[in-house]
Amino acid sequence: MTPWGGPERRQARPSRTARPLAARAAALLTNARARAVLLQVLFLLAVAGLGWAGWTAVARGVARRGIHLDWGFWDRPAGFHLSALGPTIDLETWSLTRFGPDASYAEAMIAGAFNTVKVALLGIALATALGLVVGVARLSRNWLVNRLALAYVEFLRNTPLLVQLFFWYFAVFLQLPPGTLQHPPLRLLGGAVVLTNSGLAVGGTVAERFGRFVVDGGFQMSSEFAALVVGLAVYTSAFIAEIVRGGILAIPRGQMEAARSLGLAYTQALRFVVLPQALRIVIPPLGNQFLNLTKNSSLAIGVGFAELLTVASTISSQSFRSLETFTVVTLAYLAMSLAISAVLNLIRRVLALPA
């Protein structure tokens with residue numbers, strides 16, 4: 001009995017289900033895998049919290065300055081014409097069409113993104129080919145070839161890219177013959193490549209019209225486009241050359257010696273034995289260079305080529321919607337970079353040796 005005469009209360013005891021739960025929690029904390037998952041969840045929550053705090057701070061700052069975000073302006077007519085802008089997507093019919101002043105701001109951005117993708121693809125292909133050749137030349141036993149390759153690498157990667165783009169545009173492409181009867185175009189590779197100060201043409205047919213030589217058909221690039229692609233490719237090839245050289249040096253020397261002992265020539269051993277193995281090693285750093293080249297294409301504004309950033313600058317100056325415009329530009333570059341990373345990861349998985 002209690003002092004008040006009531007029945008004595010029983011001391012609280014853990015229920016039958018509480019004990020197993022506590023034991024399970026303790027077991028989870030001692031389990032390394034569960035602990036790792038818990039830490040990752042906590043990390044993601046922390047990142048989400050920081051993101052939310054950052055977004056809230058930006059929203060407050062924008063509201064304090066009287067700026068109101070408006071994402072509806074993308075439907076307005078662009079009203080400008082840039083000759084470099086070609087295909088875009090008609091957002092009403094979801095079909096390919098050619099950009100014109102009647103197109104919307106959103107369609108202008110798509111046309112600019114197409115140009116950026118075109119520059120990136122051509123630049124990556126050309127830079128990889130040049131980098132491979134220069135990287136192999138860096139390992140040449142010929143003193144002159146080795147030193148020339150070294151000078152190529154050191155000069156290009158130690159000078160600003162924008163200066164190099166100015167050089168290619170103003171000192172090279174704009175100084176080419178105009179393609180008149182008195183100053184005919186330069187024809188390379190048996191006429192397959194035609195160069196004038198108006199640009200570069202590959203695989204077209206040269207015809208004379210109104211006192212000028214013009215190219216019909218083939219793949220044609222304006223002088224701004226050609227200067228941008230060549231400048232980006234040459235600059236990036238210097239970095240790729242060093243990556244290739246490092247990849248080849250990472251292959252044990254015995255591989256080359258074994259290939260030579262089987263009767264293969266040096267170039268055959270390099271092509272069929274060493275380079276395929278080096279390729280697996282250099283893919284991750286190569287991916288970094290491809291991403292850099294894609295992002296460096298934004299310097300096209302320096303030579304007047306209309307790519308994504310140039311179009312965004314024009315839209316921003318016309319619509320006064322800089323924050324919305326450059327947010328879309330950021331997301332577009334992020335999407336392109338993630339796509340390049342995904343492709344390289346796929347290639348790396350295909351080339352990986354079976355476990």
If you compare all heavy atoms of [X] against all heavy atoms of [Y], which two are closest, and at what distance to 0.1 Å?
X    : Y    : answer
G302 : L162 : CA-CD1, 4.4 Å
E107 : I89  : CG-O, 3.2 Å
A269 : M256 : CB-SD, 3.5 Å
L139 : I248 : CD1-CG2, 3.4 Å
A238 : L156 : CB-CB, 3.8 Å
P276 : L270 : CD-O, 4.1 Å

Can you name the side chain to side chain donor-acceptor pair (under 3.5 Å) partners of [X], sequence neighbours left out?
X    : result
E224 : Y169, S222
E208 : none
S198 : none
R209 : D216

Determine, step by step, whether L286 and L344 satisfy the side chain to side chain contact (heavy atoms under 4.5 Å, CB included) criterion, reporting the C-alpha distance in whole Å, the side-chain angles of both residues, the deciding distance to 0.1 Å, and the verdict.
CA-CA 9 Å; L286 269 185; L344 287 170; 5.6 Å; no
Counting only heavy atoms not in W55, do more than 12 sit closer than 6.0 Å to its CH2 atom?
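Not buried by this count: 12 neighbours or fewer within 6.0 Å.
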For the residue pair [X] and [Y], establish whether any side-chain heavy-atom pair is separated by less than 4.5 Å.
X    : Y    : answer
F114 : L308 : no
V215 : T205 : no
F166 : P160 : no
P77  : D102 : no
L195 : L200 : yes
T159 : F167 : no
V230 : F173 : yes
V119 : N115 : no

Under the 3.5 angstrom rule, does the side chain of [X] hit a backbone N or O of [Y] as a donor-acceptor pair?
X    : Y    : value
Q318 : A78  : yes
E307 : T310 : yes
Q175 : F170 : yes
T236 : A233 : no
R245 : V134 : no
S297 : T116 : no
T330 : F326 : yes

Let me confirm one number: the [atom1]-[atom2] distance from [X] to [Y], rounded to the nearest 0.5 Å.
X    : Y    : atom1 : atom2 : result
L122 : F219 : CG    : CZ    : 5.0 Å
L299 : L161 : CG    : CG    : 5.0 Å
I240 : L293 : CD1   : CG    : 7.5 Å
T325 : W71  : OG1   : CH2   : 8.0 Å
T267 : F272 : OG1   : CZ    : 8.5 Å
Y105 : T314 : OH    : OG1   : 10.0 Å

Qualifying side-chain hydrogen bond (donor to acceptor under 3.5 Å, both in side chains) pairs, either residue in [range], two or more places apart:
range            : result
residues 176-185 : none
residues 277-288 : Q255-Q277
residues 129-158 : R138-E242, Y152-S237, E154-R157, E154-N158

Going by the rule ring pair (Phe, Tyr, Trp, His ring centres under 6.0 Å), which residues pair with F225 if we only count those two or more places apart in sequence or in a different chain?
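With neighbours one apart ignored, the set is F305.
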Partners meeting ring pair (Phe, Tyr, Trp, His ring centres under 6.0 Å) with F80 (sequence neighbours left out)
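By the ring pair (Phe, Tyr, Trp, His ring centres under 6.0 Å) rule, F80 matches F99.
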Can you run down the salt bridge (Lys or Arg N to Asp or Glu O under 4.0 Å) pairs that involve [range], sequence neighbours left out, and say none if there aren't any?
range            : answer
residues 322-348 : R321-E324
residues 64-78   : D70-R76
residues 284-305 : none

Among the clusters formed by ILVMFWY side chains lying less than 4.5 Å apart, do [X] and [Y] turn up in the same one?
X    : Y    : value
V214 : V194 : no
L176 : V229 : yes
V202 : L189 : yes
I301 : L174 : no
I315 : L323 : yes

If you apply the rule side chain to side chain contact (heavy atoms under 4.5 Å, CB included), what do you find for W74 with L91, and how did you get there?
CA-CA 11 Å; W74 292 105; L91 295 178; over 6 Å; no
Where do T56 and R60 land on the side chain to side chain contact (heavy atoms under 4.5 Å, CB included) test, with the steps shown first?
CA-CA 6 Å; T56 305; R60 286 177 182 172; 3.7 Å; yes
Audit row: Y235, L165, side chain to side chain contact (heavy atoms under 4.5 Å, CB included) steps and yes/no:
CA-CA 9 Å; Y235 175 78; L165 291 179; over 6 Å; no
